[in-house]
Amino acid sequence: MASALKHTVVYVTAAVIIIMTWRFHYQRSMIWDMYTTDRKDVLNPLLSKLHLMEPPVKPCLLNQSLVLDKVTYPKYTKFVVLNRDRLYHQGDVLTVRVVAKDKEGRTKTYGGDFFRARLVSSDLSLQASSAGHVTDHCNGTYTVLFPLSWAGTVSIKIQLVHPSEAVKVLRRVRETTNKRVFYCSFVGVKGKTRKKKISRQQCFSSANPSLPPNRQCDLSNQKVNGTWICERPKKLLCSAISKCGWNRDKGRAKILGLVSPDERKLFQKPYLESELEVDPMEPIRVLDTELSTPQHLPACTGNARESGSSLGHWSRKVWKSSVCNVRVFTKEDIQWCLANKTVYMQGDSTIRQWSLRLQREVPLYYNDKTMASRALPAGGDNSQWNISVRYRFHHFPAQLKEVKFYDSRYIVDEVDTIHGGPNTVVVLGLWAHFTAEPLEMIRSRLYAIRGAIHRLMRRHPSTRVFVRTGTTREHEQGKLEFYLLGSDWLAYQITEVIREMFRADPDVVVLDTWDMSVCQPGKDNVHPDDTMVYNQLYRLLSHICPN
């Protein structure tokens with residue numbers, strides 16, 4: 001009995017020692033993590049101040065019915081700089097408060113307005129600008145934070161892009177399925193004459209309950225969460241599908257039919273893209289201070305959470321990151337950086353721009369003439385530097401005139417074919433053709449893509465994978481259908497989904513390009529100018545070749 005008691009005491013004592021030791025090491029680890037986090041903040045104080053600048057993911061939902069006199073009215077919606085009289089230095093954060101008011105000058109009690117905020121240098125020679133970060137308090141007030149990244153006088157520009165009532169319309173229209181009109185041609189041969197027979201059928205990017213199963217050609221791919229359903233041709237097989245495209249003219253009436261006459265007024269002046277007045281209007285003076293310059297910032301290794309952040313500013317048409325050392329690459333630098341590497345670029349035409357710019361710098365050629373003649377692929381090879389760049393457009397839905405259906409490939413299928421390795425770079429970007437679709441579509445596609453990325457990294461963990469966000473774009477002649485299909489609010493929602501999907505994923509670096517476009521030197525365009533494209537590429541290349 002005594003022996004058993006003795007053994008019990010020994011076991012309990014040992015257990016206590018183990019637990020206390022574990023707690024000691026755990027607490028020491030937690031303290032060290034806190035210390036190192038604080039040290040990062042000391043080394044980069046601007047980042048410390050901007051940690052809370054991320055807007056909430058959940059939007060402020062508007063349930064009120066539309067009354068035009070209660071819509072956010074830009075003439076009476078003004079903003080004021082808080083603590084305006086204090087001395088501001090480079091590295092500080094400027095705080096602005098926006099109070100939304102309606103046409104009668106009444107303060108609104110709910111949020112949901114979509115603003116675009118910029119800080120610009122009053123000294124035109126600096127050509128400096130940065131984006132402000134808007135927080136919606138869901139009660140008619142908004143806080144906008146501006147990082148002060150350069151010294152001199154600065155002016156604040158805040159634009160009401162859409163009032164909350166217009167955002168409500170955009171959200172409803174976005175969640176309406178199959179509002180775009182797609183057609184595919186099915187091609188076969190007829191009888192003994194072998195005469196070509198063509199049947200043109202409407203196709204759908206989401207399930208269509210009104211079309212009976214026996215009348216469907218279901219060409220969907222469950223593995224990638226991709227849906228593509230066409231009306232079945234009467235005398236041809238579903239496998240006879242040939243080319244598919246978007247019919248803008250037939251879809252226009254269908255899209256415009258989704259909004260009422262009063263709702264249409266929300267996408268006209270004064271409610272649309274109107275600049276707010278600041279009180280008072282004088283610029284703000286920012287004094288010099290010692291701030292980390294790009295040479296003293298950490299390398300863009302992709303290991304830190306902030307490495308994919310969009311924090312930074314434009315200066316003389318060069319994007320200056322506040323997070324890591326983004327370098328400006330010469331032609332020779334690009335050739336050296338990509339030597340012996342294969343770069344896969346997959347997504348929409350905004351990623352195709354990247355491959356086309358690389359063609360100028362490397363340059364790249366296709367040895368296969370059939371590959372060079374195809375419309376969708378772009379890129380090529382450089383034998384001198386042993387560089388290969390491969391681009392492919394993502395699968396439907398896509399607002400293209402007409403492309404071969406079997407030339408289109410899902411990004412998941414493409415990523416699954418990549419062997420990977422230390423000299424393999426994968427860059428993914430799809431957003432512009434999904435702004436017209438329910439948000440769940442892009443979310444489910446990205447979920448499948450994330451799974452493919454994880455499979456790739458298990459095959460070869462040294463592969464580098466990048467996912468870029470969306471950007472602002474032009475809206476052709478202010479036409480209503482272009483806002484309903486591609487408003488910047490729609491694009492920003494996709495950017496938020498991309499951030500949410502990959503924010504904590506260690507296998508992916510998010511190249512967040514939204515802020516770059518909000519305050520870009522050039523004009524808004526879904527295909528931006530060379531200044532924007534080259535600076536986007538410099539961010540990518542700085543991660544591939546940080547030193």
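Small disclaimer: the values here were computed from a predicted structure and weren't measured. One-based numbering along the sequence shown.
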Answer yes or no: is there a donor N or O on one side and an acceptor on the other, between the side chain of Thr72 and the main chain of Ala100, under 3.5 Å?
no
Heavy-atom closest pair (Ala131 atom, Asp515 atom, distance to 0.1 Å) is CB-CG, 3.8 Å
Rounded to the nearest 0.5 Å, the CG atom of Leu358 sits from the OH atom of Tyr391 at a distance of 13.5 Å
Legend entry - Worked check of side chain to side chain contact (heavy atoms under 4.5 Å, CB included) between Tyr534 and Lys317: CA-CA 10 Å; Tyr534 275 117; Lys317 295 187 176 183; over 6 Å; no
Could you tell me how the ring of His162 sits relative to the ring of Phe114: parallel (under 30°), tilted (30 to 60°) or perpendicular (over 60°)?
-> parallel
- Message: Test side chain to side chain contact (heavy atoms under 4.5 Å, CB included) on Leu311 and Asp512; report intermediate values, then the result.
- Response: CA-CA 9 Å; Leu311 295 176; Asp512 199 323; over 6 Å; no
Taken to the nearest 0.5 Å, the spacing of Arg473 CZ from Thr350 OG1 works out to 10.5 Å
Hey, mind stepping through Leu537 and Ile334 against side chain to side chain contact (heavy atoms under 4.5 Å, CB included) and telling me if it holds?
-> CA-CA 10 Å; Leu537 279 173; Ile334 295 174; over 6 Å; no
Do Thr471 and Val526 have side chains that get closer than 4.5 Å, going by heavy atoms?
no
Should the pair Tyr73 and Tyr271 be assigned to parallel (<30°), tilted (30 to 60°) or perpendicular (>60°) ring geometry?
perpendicular
Report task. Count the heavy atoms belonging to other residues, nucleotides or ligands that lie under 6.0 Å from NZ of Lys78, then report whether that count exceeds 12. Result -> yes
request  = Indicate whether the side chain of His419 and that of Thr424 have a donor and an acceptor atom separated by less than 3.5 Å.
outcome  = no
| said: Using only atom types and a distance under 3.5 Å, with no angle test, would you say the side chain of Gln520 pairs donor to acceptor with the backbone of Ser517? | reply: yes
Scanning both residues in full, the closest heavy-atom pair of Pro397 with His433 reads O-CB, 3.6 Å
Sequence neighbours excluded, the answer for salt bridge (charged side-chain N to carboxylate O under 4.0 Å, His left out) partners of Arg360 is Asp530
Quick note, side chain to side chain donor-acceptor pair (under 3.5 Å) partners involving residues 209-219, not counting sequence neighbours, are Asn208-Ser210, Asp218-Ser220
In Leu400, Ile351, Val403, the residue satisfying side chain to side chain contact (heavy atoms under 4.5 Å, CB included) with Phe393 is Leu400
Q. When you measure from the side chain of Thr435 to the backbone N and O of Leu485, does any donor-acceptor pair fall under 3.5 Å?
A. yes
Tell me whether Lys269 at atom NZ has more than 12 heavy atoms from other residues, nucleotides or ligands lying less than 6.0 Å away. yes
Here the disulfide bond (SG atoms under 2.5 Å apart) pairs for residues 232-272, sequence neighbours left out, are Cys184-Cys244, Cys217-Cys238
Quiz item: In this structure, are over 12 heavy atoms from other groups packed under 6.0 Å from Gln222 atom CD?
Solution: no
- Please check if the side chain of Gln536 supplies one atom and the backbone of Trp354 the other of a donor-acceptor pair under 3.5 Å. no
d(Ser542 OG, Leu540 CG) to nearest 0.5 Å is 8.5 Å
By salt bridge (charged side-chain N to carboxylate O under 4.0 Å, His left out), Lys168 pairs with (sequence neighbours left out) none
| message | Any side-chain to backbone donor/acceptor pair from Thr176 onto Arg172? Under 3.5 Å, distance only. | response | yes
Main-chain N/O of Ser199 paired with Lys235 side-chain donor or acceptor, under 3.5 Å:
no
Exercise. Is there a donor-acceptor pair closer than 3.5 Å between any side-chain N or O of Asn225 and the backbone N or O of Met441?
Worked result: no
Is Asp381 salt-bridged to Arg390, cutoff N-O under 4.0 Å?
yes
ask   = Can Tyr538 and Trp319 be said to form a ring pair (Phe, Tyr, Trp, His ring centres under 6.0 Å), step by step?
value = CA-CA 9 Å; Tyr538 295 156; Trp319 178 256; over 10 Å; no
Distance col, row Glu414:CD vs Arg392:CZ, nearest 0.5 angstrom, shows 5.0 Å
From the list Tyr410, Tyr406, Trp228, ring pair (Phe, Tyr, Trp, His ring centres under 6.0 Å) with His395 holds only for Tyr410
Query - Side chain Asp262, main chain Lys265, donor-acceptor under 3.5 Å - result: no
For Arg106 and Asp69 the tightest heavy-atom approach is NH2-O, 3.6 Å
Closest heavy-atom pair, Asn139 versus Thr141, reported as atoms and distance to 0.1 Å, is OD1-OG1, 2.6 Å
So the side chain to side chain donor-acceptor pair (under 3.5 Å) pairs with at least one residue in residues 243-254 (sequence neighbours excluded) are Arg252-Glu481
query: Can you find a pair of side-chain heavy atoms, one from Val467 and one from Arg450, that are under 4.5 Å apart?
result: no
The single option from Leu119, Val144, Leu145 that satisfies side chain to side chain contact (heavy atoms under 4.5 Å, CB included) with Val96 is Val144
d(Glu277 CD, Tyr76 OH) to nearest 0.5 Å is 10.5 Å
Q) Are any of the side-chain heavy atoms of Arg539 and Met516 separated by less than 4.5 Å? A) yes
Quick test of your reading of the model: are Glu165 and Lys108 salt-bridged, counting only N-O distances below 4.0 Å?
yes
Original post:
Would you say Thr495's side chain and Gly470's backbone share a donor-acceptor pair under 3.5 angstrom?
Top reply: yes
Between Ser487 and Leu170 the two heavy atoms that sit nearest each other are OG-CD1, 3.7 Å
Verify, without hydrogens or angle tests, whether Thr107 (side chain) and Lys101 (backbone) share a donor-acceptor contact under 3.5 angstrom.
-> no
>> Any non-hydrogen side-chain atom of Ile418 less than 4.5 Å from a side-chain atom of Gln346?
In response: yes
| query | Looking at side-chain heavy atoms only, is the closest gap between Thr177 and Phe204 below 4.5 Å? | reply | no
CZ of Arg232 to CD of Gln201, rounded to nearest 0.5 Å, is 10.5 Å
_Lys103 side chain near Leu68 side chain, heavy-atom distance below 4.5 Å_ = no
message: Let's go through His313 and Cys519 carefully: what are the C-alpha distance in whole Å and the side-chain angles of both, what is the deciding distance for side chain to side chain contact (heavy atoms under 4.5 Å, CB included) to 0.1 Å, and is it a yes or a no?
response: CA-CA 8 Å; His313 71 283; Cys519 57; over 6 Å; no
Beyond-backbone contact of Ile453 with Leu428, side-chain heavy atoms, under 4.5 angstrom: yes
Sorted by chain and residue number, the salt bridge (charged side-chain N to carboxylate O under 4.0 Å, His left out) partners of Lys223 (sequence neighbours excluded) come out as Asp413, Asp416
On a heavy-atom basis, the closest approach of Arg174 and Glu437 is CG-O, 3.2 Å
